[in-house]
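Below is one structure, written out as structure tokens, with a few remarks after it.
What you see is a predicted model; the values in this text were computed from it and never measured. Reckoned from all heavy atoms, side chains included, excluding hydrogens, waters and symmetry mates. Chain naming here is simple, since letters A, B, ... match the order of the sequence lines and numbering starts at 1 in each.
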Amino acid sequence: MPGSTEQLAAHGPACADGLSGMYGPENKADVVIIGAGPAGLAAATELRRCGVQSVVVLDREPVAGGIPRHCDHYPYGLREFSRLLRGPAYARRLVAAALAAGVRIHTGVSIQSLTSGPVLTVTSDAGVRVVHAQRVLIATGARETSRAARFIGGTKPGGVVSTGALQGLVHLEGITPFHAPVVLGTELVSFSALLTCRHLGIRPVAMIEPGASTTAFWPARWLPRILGIPLLLKTELLTIEGESTVSGVTIRRPNGDIERLNADGVIVSGHFRPESAILLSSHIELDRQTGGPVVDQFGRCSDPDFFAAGNLLRPVETAGWSWQEGKAVGHAIAQSLEGKLPGLTTGIAVELAGGSLKYVVPQRIVPTDVPPALDSFQFRVSHKAQGRLCLSIDGARKTVKSLSAVPERRIRVPLTVLPRSPTGTATFELVESDR
Amino acid sequence: MSADHRNSQFDIAVIGAGVIGCAIARQFTLEGARVVVIEKAPDILDGASKANSAILHTGFDAPPGSIEASCIAAGHAEYLKIHERLGLPLIKSGALVIAWTEGEEQRLPMLMERARENGVEDVQFLSAGQTHELEPELAEHVKASFTVPREYVIDPWSAPYGYLLQGLANGAVIKRNCEVKGGRFDGVRWKLDTVQGQISATTVINAAGLYGDIIDQKLTGSTRFSIKPRKGQFIVYDKPASALVKHILLPVPNDVTKGVVICRTAYGNLLVGPTAEAQDDRVNAALSETAMTALRQRGEEILPALADHDVTAVYAGLRPATEFKDYQIHAHEGLNYITVGGIRSTGLSSALGTAKLIYQRYLESGEAFQPPATIQWPRVSNIAENYPRDWQCEGNKGIVCHCELVTRREITEALEGPLAVRSIGGLKRRTRATMGRCQGFYCSAELAKMTQPYFDAAGSTVRSHAGIN
């Protein structure tokens, strides 16, 4: 095993600092950020702006920038740069902004463990290293749920990809994996997949959605029509067929008929899950509902030296949202380093009741006058639902607002809905009206 | 000697590079034979051997006195003897045979008796309380259990690869993409017609697994069994789930089914399976949503905490079952031909023992060889979780598959090293790339780029390995 006193010699094209002596002999930084996507880079830039000395971003990919790097389409960057950009250009700007602010970015570095301290073990071409930091921000993002995890039946031919894998193949390696795939799902990312297909002249044979309407909001819904792709609602993907490559799929139509579609690929899109693998084996508390860490309104984890931001917090938000969140949490980390954040112990838990709400972020609120990084509760519903969003606290129950929601759509409630000094547990429930 | 001449004169031709063929090739090579292994697929382990439960069984529950029982016992012993020298992992988990109903509890003494008959003397009865003490995460309704301490977890792909690698290092030859079309025995030698031309060998050993009966038919004109493929589906949980249990959890088998096994894998996951479904198709093992859901349910009945864990991979395999219970091992009188068929689901455990048995059968009519003066012991690069891995070492060229921590150096070695992989399936089995929780979300593109120069030049290649799910 390589000694831990050597420098962490891991780098990639996004590195601007020439790398020598990156952490000095001790492998130390004030703040280590895991993940060079929109959230991580925004936080890093903000931390430098707040005067934090050494801010290091680590990413396991060979190039920094995160998911937008391979989303070669609009719209990115309006919130951040007041310009309409494609994903890769947006990613380059984020990286450039961070480097200009004095952030050090190191790619090709994977985190193997997180322990209190904070102490990280990281691996790269140089083998295993130990890194010490004052604070750690985890901004590892989210990934789509695989075909395997969805229990889709049939054979296992090549040509079954997530949107992420498709865009990697297409935009990073210039490979066209198929010509006439089926697209499963109608989330925003599913439409991003359609744009990627169009870019390459790939013509999807159908877009399949088990629900009664598309998951993404209305502008995207028109896209299949514009592109001439049949949108099959209330339709289930039953099996995938083919030996070395996909030859077709079977689907169940709304009337119960089982049909076969010829296709040479399947894009299994959406159903994002936070990329929380490194947390699973750490001491940091996870929330089963989001799949990410439990955080307070500053993005602080159960170990207050660790913070989280971006899509690791919950599935799934836009790049712009994640950037905003990263920036705010970066600011909170700077405050934490100055000792300005209240202790965690006085916090109250935020919970859900009933089955209609799928998750809530943040899951803990610490009474304080310090302005929060996450200024609203974020919810999603588990199914299409209509009713009253109620909050029970200190034995009192009140209606927060009337709500009509469908899965994957953003629902926000300002933190100020809580009393100034709450005690006990805050429980949200969506009480559905009779349908 | 010209390469052509050398390649066309063999003592032994082994048809099939599954776990059994690999072990037989090793055995005969180490005895001094010139061996050729002939495989239809682009890579080894592409049929029945590609999917199993990855357990090194003791054979405690095999039918006493059967060929299978003796091969498993001998195979288990041989694996323990050679695994360290070949660099093959061994996880000494032990197993618990657990009774969940009173009916099952009543069968435990009989099973323990059978274990002793099979020479597995160290089984030990445990009350419900003792069982829970050993495995606190088990569901409440455990009735009783017994331990089988020498049931172990191994790496189902590195092991046969290691056997064949040792064969190759000592002079054996492998021909892949080399389907046997037919052949004849001229009284002295076999001439096998393959898609790559004629191969000549003194003796043919049929280890064709799912195609065993077909090869018998093609070469000898008859067969004594017919393959009735039995499909087994498995679900694999993400690595944190493996902390829930230490032992291999075996069910009490009944007449209908052997039941669902839960065990850790050498790669640090937890697997639940298999199902047992008869089918005619020898090629495709289709997954079914119903079966996978049922496995998930059964898993949670046994280990309730599994409800909080993610399934990250699913797979289905085919076992070459026949109409008979026991292995079908037949030496054909006057034909220099041995059939090794019907190796149902215990091939991984029995392979090294089966290979020894086949060599003994061979000696009944064939001549002994001159063993090599020195034997090479190549080491297999490790992909098991609890042994040192390449990502921990300097110069690994960075990680490509983050979920399974597969390095660029490991992938390059698989693509260029001995027995270089020629298909994405082969690469997955050799390195585990794409087999983790993201199932290729992150590394598909990089892998496609890395493998493109190595796999066949046809434009279809990229498509066939691009989506690796």
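Judged by the 6.0 Å and 45° rule, Arg422(B) forms no cation-pi pair with Phe455(B).
A salt bridge between Glu446(B) and Arg408(B) is present, with a side-chain N of the basic residue lying under 4.0 Å from a carboxylate O of the acidic one. One finds no salt bridge joining Arg314(A) and Asp287(A) here, because no Lys/Arg side-chain nitrogen approaches an Asp/Glu carboxylate oxygen to under 4.0 Å. Between Asp43(B) and Arg176(B) there is a salt bridge, since at least one side-chain N of the basic residue sits less than 4.0 Å from a carboxylate O of the acidic one. A salt bridge is defined here as a Lys NZ or Arg NE, NH1 or NH2 lying under 4.0 Å from an Asp or Glu carboxylate O, and Lys40(B) with Glu179(B) fails to meet this definition. Using a 4.0 Å cut-off between charged nitrogen and carboxylate oxygen, Arg273(A) and Glu144(A) do not count as a salt-bridge pair.
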Give the intermediate values and the outcome of side chain to side chain contact (heavy atoms under 4.5 Å, CB included) for residues Val182(A) and Ile208(A). CA-CA 7 Å; Val182(A) 160; Ile208(A) 295 173; 3.3 Å; yes
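When heavy atoms are compared at a cutoff of 4.5 Å, Thr293(B) approaches chain A by way of both its backbone and its side chain. Only the side chain of Arg296(B) has a heavy atom closer than 4.5 Å to any heavy atom of chain A. At a 4.5 Å heavy-atom cutoff, Glu241(A) makes no contact with chain B through either its backbone or its side chain. Neither the backbone nor the side chain of Ile111(A) comes within contact range of chain B, judged by heavy atoms closer than 4.5 Å. Only the side chain of Val283(B) comes within less than 4.5 Å of a heavy atom in chain A; its backbone stays farther off. Heavy-atom distances place no part of Gln167(A) under 4.5 Å from chain B, backbone and side chain included. Within the 4.5 angstrom heavy-atom criterion, no atom of Gln233(B) approaches chain A.
Among the candidates Ser288(B), Cys403(B), Gly398(B), Pro388(B), the residue making the largest number of heavy-atom pairs closer than 4.5 Å to chain A is Gly398(B). Contacts with chain A were tallied for Pro240(B), Gly425(B), Gly395(B); Gly395(B) has the most, counting heavy-atom pairs under 4.5 Å. Considering only heavy-atom pairs separated by less than 4.5 Å from chain B, the leading option among Gly154(A), Gly291(A), Gly242(A), Ser110(A) is Gly154(A).
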For residues 57-66 of chain A, which side-chain N or O atoms pair as donor and acceptor with protein atoms under 3.5 Å away, sequence neighbours left out?
residue	atom	partner	partner atom	Å
Asp59(A)	OD1	Glu61(A)	N	2.8
Asp59(A)	OD2	Ala36(A)	N	2.7
Glu61(A)	OE1	Arg69(A)	NH2	3.2

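Of residues 300-316 of chain B, those residues with a non-hydrogen atom less than 4.5 Å from any non-hydrogen atom of chain A are, in numerical order, Ala307(B), Asp308(B), His309(B), Asp310(B), Val311(B), Thr312(B), Ala313(B), Val314(B), Tyr315(B).
Here the options are Ile240(A), Val161(A), Val266(A), the test is side-chain contact (heavy atoms from CB on, under 4.5 Å), and the partner is Arg147(A); only Ile240(A) passes. With Thr407(B) as the fixed residue, the side-chain hydrogen bond (donor to acceptor under 3.5 Å, both in side chains) test singles out one of Thr412(B), Asp390(B), Asn396(B): Asp390(B). For the pairing with Ser381(B), the side-chain hydrogen bond (donor to acceptor under 3.5 Å, both in side chains) check across Arg409(B), Arg389(B), Arg430(B) returns one residue only, Arg430(B).
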